[in-house]
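Reading through the structure tokens given below for one structure.
In listed order, ligands and their atoms are each counted from 1. What you are looking at is a predicted structure, and each value in this text was computed from that prediction instead of being measured. Residue numbers count from 1 along this sequence.
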Amino acid sequence: MEFSIKSGSPEKQRTACVVVGVFETRKMSPACQRLDEAADGFLTELLRRGDMDGKAGSTLLLHKVPGIAAERVLLVGLGKERDFHENEYRAAVALAVRTLNETGSLEGVCYLTELPLKKRDIAWRIRQAVMAAEETLYRFDRLKSKQDAVRRPLRKLILGVAERAELPVAEQARREGEAIAAGMGFMKNLANLPGNLCTPTHLADEARALAKELNLEVEVLGRAEMEQLGMNALLAVAKGSHQPPQFIILKYAGGAPDEKPIVLVGKGITFDTGGISLKPAAEMDEMKFDMSGAASVLAALKAAALMKLPLNVIAVAPAVENMPGGGATRPGDVVTSLSGQTIEILNTDAEGRLILCDALTYVERFEPACVVDVATLTGACVIALGHVASGLLANDNALAHELLAAGEAAWDRAWQLPLFADYQEQLKSNFADMANIGGRPAGTITAAAFLSRFAKQYDWAHLDIAGTAYKSGKEKGSTGRPVPLLAHFLLERARRAQAAQKSARARRPAAQP
Ligand code: BES
Ligand code: MN
Ligand code: ZN
């Protein structure tokens with residue numbers, strides 16, 4: 001969909017539909033009041049008669065309102081004003097977009113963006129409106145033989161700002177929102193694709209296509225190269241599958257050549273049966289989402305490239321299928337990881353950490369500014385945090401706080417869990433340097449504790465997205481998370497880099513004559 005920004009009177013918009021909000025009970029938003037004045041109290045009258053009271057989730061579509069240039073007016077119920085926060089704002093935009101799309105408006109001018117929210121400026125409201133709109137219209141129907149097309153779909157959404165002075169900031173926010181939404185769409189398309197189609201090879205092909213589209217550098221290591229390097233932990237996971245593993249490296253060079261890269265590592269298990277430690281049948285189909293981490297880091301790179309951020313960013317995605325074939329790794333097998341540390345694989349279903357540990361060692365060669373890995377790593381994280389917050393663990397507190405702040409800013413939140421040395425005890429093995437599981441207690445933490453042993457050379461953080469990357473049930477599908485968090489993290493790093501450059505320039509003495 002196309003987005004644009006406009007300041008100006010709602011009553012004068014020559015468009016298919018203007019969208020304004022009404023709080024409970026019958027309290028008009030500022031834009032709604034302006035329409036009402038232009039319409040000589042028509043809306044006041046309507047609300048008084050009880051056609052709409054402003055309840056959240058309610059709408060009222062009006063045609064040919066006197067004194068209004070637009071063909072239609074859509075009133076969107078916002079609920080109680082003092083309960084109107086981030087989630088309510090996003091829900092109101094989503095409802096407006098769904099209604100416009102289903103009622104034949106090809107275009108709409110939306111004034112919900114002017115509604116004040118505590119601690120959220122116009123940039124936030126614009127970015128979130130763009131993302132919520134794209135999320136509402138997202139469909140994954142390419143595998144259906146007939147697509148049920150909307151007859152007159154919404155093509156263009158114009159977002160209103162109250163004052164002209166807000167235009168530059170709002171325009172910038174629109175571009176950022178579009179880039180992040182494009183990244184989320186990319187992630188969703190990959191993650192929703194089933195395991196028979198989204199294989200490690202397919203992921204590699206998608207990374208190559210992305211590189212071509214955005215002028216990025218791409219490299220894919222095959223099985224032979226991984227054997228050469230000694231990535232035996234990763235290869236142990238691939239052994240039960242007919243699908244060859246792929247190790248994807250995608251580079252975006254927006255920063256100075258000598259600037260250290262930010263490295264994002266994503267778990268790319270294209271299907272997780274559990275291997276010989278086979279998972280139960282119920283909901284096993286959802287393990288096609290086990291490559292969400294990989295999809296999210298490729299998507300974050302896409303967003304960074306679209307925003308032309310002045311940073312160097314590398315996305316690394318080990319892509320492997322975890323199957324219980326005849327060649328599969330057995331519980332109790334011991335392998336030597338790329339780092340040289342040996343691992344007793346007590347449970348083949350704890351496979352994510354096995355592919356990630358070799359990736360974490362591999363990325364040392366980039367001398368990263370920092371490394372963030374993203375993985376649907378543990379069922380325990382779903383138990384701890386549900387589907388609201390991603391789990392965050394880190395060996396550096398400044399990096400952890402940066403990511404928490406990015407999640408808060410993006411409204412794609414994470415919550416930190418401790419990585420105390422005490423948890424390492426649980427990984428003791430009688431036969432190798434460590435076991436790949438740490439028992440029932442603190443499953444999310446022991447998984448991160450395992451990874452931390454391979455991330456000693458740099459500042460590192462780990463995001464466990466098992467509960468947030470996708471939805472189950474009737475609305476089953478990828479959420480596009482944590483692309484917004486990652487994108488905001490990169491945005492903030494870019495802002496800092498630019499501020500540092502600026503002050504360095506200011507300090508430099510003027511050239512001698
Ligand atoms: N991909 C799963 C984690 C997962 C579970 C993600 C549920 C989303 C929803 C991971 O590979 C896994 O199987 N983890 C095991 C680890 C255990 C064997 C230590 C788990 O969480 O049960
Ligand atoms: Mn598993
Ligand atoms: Zn898994």
Side-chain angles (χ1 to χ4, degrees), residues 191-192 195 198 200 203 233-234 236-241 243 245 265-296 317-324 328-333 343-357 359 373-391 393 417 423 426-429 434-451 462-473 476-479 481-482:
N192 286 333
C198 186
L203 273 185
L234 183 155
V237 180
K239 279 172 70 180
S241 169
Q243 293 294 334
V265 178
K267 171 178 173 181
I269 295 292
T270 58
F271 197 82
D272 183 10
T273 64
I276 297 301
S277 313
L278 193 63
K279 285 184 180 296
E283 277 121 54
M284 206 209 273
D285 66 289
E286 294 181 359
M287 285 301 120
K288 72 173 182 179
F289 296 118
D290 214 19
M291 36 56 72
S292 296
S296 76
V320 186
E321 189 181 47
N322 188 21
M323 294 285 274
T329 294
R330 294 153 285 264
D333 284 2
I343 304 164
E344 184 185 15
I345 302 176
L346 284 173
N347 190 318
T348 63
D349 198 11
E351 84 298 338
R353 61 198 78 180
L354 295 174
I355 68 167
L356 289 171
C357 72
D373 82 67
V374 186
T376 45
L377 203 63
T378 63
C381 193
V382 190
I383 303 302
L385 300 174
H387 305 287
V388 178
S390 302
L393 299 101
L417 299 173
Y423 291 105
Q426 287 174 242
L427 295 173
K428 278 200 174 134
S429 158
M434 69 194 88
N436 77 326
I437 51 171
R440 295 256 296 163
T444 301
I445 301 178
T446 54
F450 178 95
L451 294 177
H462 160 68
L463 281 167
D464 194 329
I465 58 166
T468 51
Y470 63 93
K471 288 186 187 162
S472 312
K476 192 187 290 181
S478 172
T479 59
R481 291 178 68 184

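By the neighbour-count criterion of 12 heavy atoms within 6.0 Å, atom CD of Glu283 is sparsely surrounded, having that number or fewer from other residues, nucleotides or ligands.
Considering every non-hydrogen atom in both Gly438 and Gln426, the closest pair reads O-NE2, 2.7 Å. Considering all non-hydrogen atoms of both residues, Gly467 and His387 come closest at O-ND1, 2.8 Å.
From the protein, the heavy atom lying nearest to atom 15 (C) of ligand 1 is Asp349 O, 4.0 Å. For atom 14 (N) of ligand 1, the closest non-hydrogen atom on the protein side is Leu377 O, 3.4 Å. When only non-hydrogen protein atoms are considered, atom 19 (C) of ligand 1 lies nearest to Ile437 CG2, 3.4 Å. Protein heavy atom at the shortest distance from atom 4 (C) of ligand 1 is Gly379 N, 3.9 Å. With respect to atom 1 (N) of ligand 1, the closest heavy atom belonging to the protein is Asp290 OD1, 2.9 Å. The protein heavy-atom contact nearest to atom 18 (C) of ligand 1 is Asn347 ND2, 3.5 Å. Scanning the protein for heavy atoms near atom 7 (C) of ligand 1, the closest one is Met287 CE, 3.8 Å.
Around the Zn ion (ligand 3), the two atoms OE2 of Glu351 and NZ of Lys267 are separated by an angle of 90°, to 10 degrees. Between the OD2 atom of Asp272 and the OD2 atom of Asp290, the angle taken at the Zn ion (ligand 3) works out to 90° after rounding to 10°.
Backbone and side-chain nitrogen or oxygen atoms of Thr376 are examined, and one is located within less than 3.5 angstrom of a nitrogen or oxygen of ligand 1. On a distance-only criterion, Asp272 and ligand 1 share at least one N/O pair closer than 3.5 Å. An N or O contact shorter than 3.5 Å is missing between Ala466 and ligand 1 by distance. Considering both main-chain and side-chain atoms, Arg353 never comes within under 3.5 Å of ligand 1 through any nitrogen or oxygen pair.
With hydrogens and angles disregarded, no donor-acceptor distance shorter than 3.5 Å links the side chain of Ser277 to the backbone of Asn347.
Within the 4.0 Å heavy-atom shell around ligand 1 one finds Lys279.
Residue-level proximity to ligand 1 for Arg440 is absent, since no heavy atom of it falls below 4.0 angstrom. Residue Ile269 does not touch ligand 1, judged by heavy-atom distances below 4.0 Å. Proximity of Glu286 to ligand 1, defined as any heavy-atom pair under 4.0 Å, is not found for any part of the residue.
Atom OD2 is the N, O or S atom of Asp272 at the shortest distance from the Mn ion (ligand 2). Looking only at N/O/S atoms, Glu351 comes nearest to the Mn ion (ligand 2) through OE1.
Note that the CG atom of Asn322 and the CG atom of Asp272 stand 5.0 Å from one another [nearest 0.5 Å].
Contact annotation: Leu377 places no N, O or S atom under 2.8 Å from the Zn ion (ligand 3). Among the atoms of Asp349, no N, O or S atom is found under 2.8 Å from the Zn ion (ligand 3).
Distances from atom 8 (C) of ligand 1 to the heavy atoms of Phe271, Phe289, Phe450, Tyr470 show the closest one on Tyr470.
A salt bridge between Lys267 and Asp373 is absent, with no side-chain N of the basic residue lying under 4.0 Å from a carboxylate O of the acidic one.
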